[in-house]
Amino acid sequence: MNYWLFKTEPDAFSFDDLLQAPNQTEIWDGVRNYQARNLMRDDIKKGDLVFFYHSRIPEPAIVGIGKIAKAGYPDHTALDPNSKYFDAKSEEKGESRWVMVDIKAYRRLKRVVTLKEVKEVSDLAEMKLVQKGQRLSIQPVSEYEWKIICELGGVTKL
DNA sequence: GCCAACGTTGGC
DNA sequence: GCCAACGTTGGC
């Protein structure tokens, strides 16, 4: 079992949107960064748990937990000329060079854990989230960090 | 293969 | 909305 953190701008797609999706499951498409893609392709497995992080808002925060419902598979939006995620290079090749996963809502945190709080906890100082210049939209989270944040979020039992 | 120009991310 | 930090692109 591995743990991850996915960033999203809630104006575009929020944890509430995931809760309201059919079967509370949605494709995680549109990732166009090689590092993030490689994590989805190689390391993210069905059943892994994911912190849902809301970025680019006045108080960025971890708000919920999702579970990987389907491991990495080709992101077909790269081949769809009508998609905002269309990728000409994938089309040239005839196959998508990008990867997506399916994620299912699992648990809302009882309390959101803000970026500010994460920065204040010395045991979380190593988290990618709080490293300077870290923009990766999909990040690994250690089991230790996972537990601390669950505790801060009021989630004691998964 | 270098690197300037450009585009994106995301906290503030 | 600004802008620093990054990632990608493409001419050479």
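Below, chains carry the letters A, B, ... as their sequence lines are ordered, and counting in each starts from 1.
Rounded to whole Å, atom C1' of dG11(B) lies 15 Å from atom CG of Asp11(A).
Lys70(A) forms a cation-pi arrangement with Tyr73(A), by the criterion of a distance under 6.0 Å to the ring centre and an angle within 45° of the ring axis.
Judged by distance alone, the side chain of Arg32(A) and the main-chain N or O of Asp87(A) form no donor-acceptor pair under 3.5 Å.
In this structure, Lys119(A) reaches the sugar-phosphate backbone alone: every heavy-atom distance under 4.0 Å involves primed, P, OP1 or OP2 atoms, never a base.
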Pair Asp75(A), Arg37(A) - check salt bridge (charged side-chain N to carboxylate O under 4.0 Å, His left out), show working.
CA-CA 10 Å; Asp75(A) 180 346; Arg37(A) 179 201 70 179; over 6 Å; no

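To the nearest 0.5 Å, the span separating OG1 on Thr77(A) from CG on Asn82(A) amounts to 12.0 Å.
Sorted by first and then second residue, the salt bridge (charged side-chain N to carboxylate O under 4.0 Å, His left out) pairs with a member in residues 142-158 of chain A read Glu143(A)-Lys147(A); sequence neighbours excluded.
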Contact list (N/O, under 3.5 angstrom) for nucleotides 5-10 of chain C vs protein:
unit_1 : atom_1 : unit_2    : atom_2 : d
dA5(C) : OP1    : Lys132(A) : NZ     : 2.9
dA5(C) : N3     : Arg135(A) : NH1    : 3.1
dC6(C) : OP1    : Lys132(A) : O      : 3.2
dC6(C) : O2     : Arg135(A) : NH1    : 2.8
dC6(C) : O2     : Arg135(A) : NH2    : 2.8
dG7(C) : O4'    : Arg135(A) : NH2    : 3.3

